[in-house]
There are 2 protein chains.
Amino acid sequence: MNPHLTPTAPGRRRRPVRQPTIHDVAEAAGVSKSAVSLAIRNQRGVSETTREHILAVAQELGYRSNVWARSLVQGRTGLVGILLQDLGNSYHRDVTAGVEDAATERDLRLVIGHGRRNATRLQAELDSLLALGVEGVIIISSWVSPQYLERISKRVPLVVIGRLPDPVPGVDTVANRDEIGARLAVEHLTDLGHTNIAHLTSSSRPAAMHRRAAFTKIMRARLPGVDPQVEGPEQLEAAIRYLVFQIQQEKDAPTAVFTQNDRVAADLVGACLDAGVRLPDQLSIVGYDNSSICRMLRPQLTSVDQPRHEMGRLALEMLSERLAGRTEDRHVTIAPELVVRASTKALREPAGGEQQHRPMMVD
Amino acid sequence: MNPHLTPTAPGRRRRPVRQPTIHDVAEAAGVSKSAVSLAIRNQRGVSETTREHILAVAQELGYRSNVWARSLVQGRTGLVGILLQDLGNSYHRDVTAGVEDAATERDLRLVIGHGRRNATRLQAELDSLLALGVEGVIIISSWVSPQYLERISKRVPLVVIGRLPDPVPGVDTVANRDEIGARLAVEHLTDLGHTNIAHLTSSSRPAAMHRRAAFTKIMRARLPGVDPQVEGPEQLEAAIRYLVFQIQQEKDAPTAVFTQNDRVAADLVGACLDAGVRLPDQLSIVGYDNSSICRMLRPQLTSVDQPRHEMGRLALEMLSERLAGRTEDRHVTIAPELVVRASTKALREPAGGEQQHRPMMVD
DNA sequence: ACAATCTGCTGGAACGTACCAGTTTCGGCC
DNA sequence: GGCCGAAACTGGTACGTTCCAGCAGATTGT
């Protein structure tokens, strides 16, 4: 009959060492649980003296409020997910840092999901984030299928950092302007006198395709006589080998390469050096991402720099707008910048060819 | 009076779109919530036909069980935290992958905390993990103070991957055997004829100090006549400049360097190439970690390989032993292996010196 | 045939918190 | 001194789930 009999005697069956609860603090402090709740959350309704007393007791007992119970009753978790393709990638690291900073400001907690460069795992991880109760997800990956994205976006707001093949209703995007990145790279190279410029790319995913298209477009605009050459979408290694072979034969070989990203550029640099191709004398190379790789390579890599931190920050801001009620889709792009290093060099006077002449840009 | 009046009318104040609950599914399927609960968790107590029916209804409504409510009543979250110093680091990535794999097997969910190479942030992140309700934490960092570790370890089990200055009661550790790593590196170099071997290190944190001590010890044992030279603990850049200068002067310069890790090695390689030091002819270099950096550098870097995946896996297993009730501390070490690449080369016959002779190890 | 067991299902009671409607306390004012 | 109103504090309820005791109805054992 007495309801207080059951909970005390056989109850508390779970943890060997139970975490103190708001009840324990209340009892120890000689107040009601409501008072403790108010004191903890720094709300008014308790006097300053009792608040201090309660906090002291809580501190002593080592009380920590149970986020789960709190969010259960409040109906919100304050959690935001971020889905990465790959830890161990400085691009993702920097974007994440931007997201983190913005999240901290907005009192949101970030939960990281790790896709490990595997589409299946990526989706499982996304599910996992949802199960954890995130109120929105930022995705740094183009590997999630549009169908899946659309389904998920009905449940929680989604922001994709990067390119999507097509806009997905309900999904916001943040992307760098590949057209500008490609233009910066190509202009830099043409300014240095290069005309035979190739693009080296490793995949046919949306992001890579977009960058590749941007390259082709800007090449057509800047060098109408030249057919833009794209290498490697199916077989990167073979393309690199062929490129090196061409250069060694010196017939019609590209004198400059704009790569899809720094990793690909690093592979190319390695292959060139192994084959005895002198860099940057025989070949100028421009990467994309301005990652930590750039400074490790010799020659150090000229690269297009995306404002990674800013992109992360922006993504979180867009997500929190969604949480605040925005319903129309937003797609934001940010202009990248070129960081010139030692891997690009003016083309030596070609035998009898006509030389493109433009004033060199000073950085 | 009627308690059913209040919840229906003004209630449901939170989400605009409320997630379906177990109640909704029960109502739609025409069974009790208990039946739904059983069906969802695949427990016996419901017939196969009703289970299928319930699952179908749940699927249709898009029901997802609320982890928070579940763990509230179960008294456990099934969450394990991992605290990283740095996303964007392939060492951390690989260890994390190992932890993830083991966690999946044990039906634990991994939550990643990101310290961003900043001691304050690291502790904040650890707090954050605890607030999320993790049942244990794996820490890949030696930046957390022992006092803090000890305090936290009273609350949840802790496993540190790496070195601690001193064992902390209640904290398990997984570490690679730096003595073996150092021995492999030094033996490889002496086998190649090197005697003037320096150690290049960038910090005086426990892990680095331990590796350094291991180097000194093995040098004393292998080359009793030589004074083991350690460079850089305070000022890495200056030490590298000095090293390069020494080599250029060719007087008493080390002919081989064993570095604290691959990053440091990469800096050294870059400085050497910039200064025109020929690698590996004038200097052999051995790194530590066998990270992705190794294959990017030219010459490709010989490096000590820690079984990162295995270490992560082991850490999680130790954590789950703790969760199962183990109380005594465990400290496990794993032997690393040497991966020989192009950055190490046999010393050319010294002018009139005596040459250490040992048969070369075949890998 | 009847008790005993099993199967399939139900409703109520937690879990730890926030919210809310009350209730007490207390200071100020006429 | 009595009244009023705000401030301080309390107890009950709800959040979505699991667990548990219980209850029919079917099945088995003797």
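Just so we're clear, the structure is a prediction, and the values are computed from it rather than from any experiment. Every chain is numbered from 1, with letters handed out A, B, ... down the list of sequences.
Residues V160(B) and L149(B) approach most closely at CG2-CD1, 4.3 Å, considering heavy atoms. Summarising the geometry of H331(A) relative to T173(A), their closest heavy-atom pair is ND1-OG1, 2.7 Å, with the distance given to 0.1 Å. Smallest separation of non-hydrogen atoms from S153(A) and G170(A): CB-O, 4.0 Å. When every heavy atom of G312(B) is checked against every heavy atom of V99(B), the shortest pair comes out as O-CG2, 3.3 Å.
For S32(A) and dT10(D), the shortest distance from a side-chain N or O to OP1 or OP2 is below 4.0 Å. Between Q74(B) and dC15(C) there is no side-chain polar atom (N or O) within less than 4.0 angstrom of OP1 or OP2.
Listed nucleotides: dT10(C), dT18(D), dT17(C). Nearest to the side chain of R70(B): dT18(D). When each of dA18(C), dT17(C), dC15(C) is scored by its nearest atom to the side-chain atoms of N66(A), the top-ranked nucleotide is dT17(C).
The side-chain contact (heavy atoms from CB on, under 4.5 Å) with S141(B) is formed by just one residue from the set R117(B), H92(B), Q85(B); it is Q85(B). Checked against V159(B) for a side-chain contact (heavy atoms from CB on, under 4.5 Å), the options I139(B), D172(B), L316(B) give a single hit: D172(B). With respect to I112(B), the side-chain contact (heavy atoms from CB on, under 4.5 Å) criterion is satisfied by exactly one of L87(A), T96(A), V111(A): L87(A). Just one of I161(B), L319(B), V332(B) meets the side-chain contact (heavy atoms from CB on, under 4.5 Å) condition when paired with L314(B); it is V332(B).
At whole-Å resolution of the value, NE2 in H23(A) and C1' in dG12(D) are 11 Å apart. Look at NZ on K33(A): it is 11 Å from P on dT13(D), rounded to the nearest Å. The nearest whole Å value for the distance from the CD1 atom in I22(B) to the C1' atom in dT18(D) is 8 Å. Computed from coordinates, the R76(B) CZ to dT18(D) P distance equals 13 Å when rounded to whole Å. Rounded to an integer number of Å, the gap from Q19(B) CD to dC15(D) C1' is 14 Å. Straight-line distance from the CG atom of L72(A) to the P atom of dT13(D): 18 Å, rounded to whole Å. Rounded to an integer number of Å, the gap from CZ of R51(B) to C1' of dT7(C) is 13 Å. Atom CZ in R64(B) sits roughly 17 Å away from atom C1' in dT17(D) (whole-Å rounding).
Residues R163(A) and S142(A) bring no donor and acceptor atom of their side chains to less than 3.5 Å of each other. No hydrogens or angles considered: nothing links the side chains of S47(A) and R51(A) as a donor-acceptor pair under 3.5 Å.
The base of dG11(C) lies close enough to the side chain of S34(B) for a donor and an acceptor atom to sit less than 3.5 Å apart.
Residue contacts for V31(B): at a heavy-atom cut-off of 4.0 Å it reaches the sugar-phosphate backbone alone, with no base atom in range. Looking at heavy-atom distances under 4.0 Å, S65(B) makes contact with sugar-phosphate atoms alone, never a base.
In the helix from dA1(C)-dT30(D) to dC30(C)-dG1(D), the rotation axis of the first five pairs and that of the last five pairs differ in direction by 50°, rounded to 10 degrees.
Within residues 38-50 of chain B, the residues that have a heavy atom under 4.0 Å from DNA chain D are, in order of number, R41(B).
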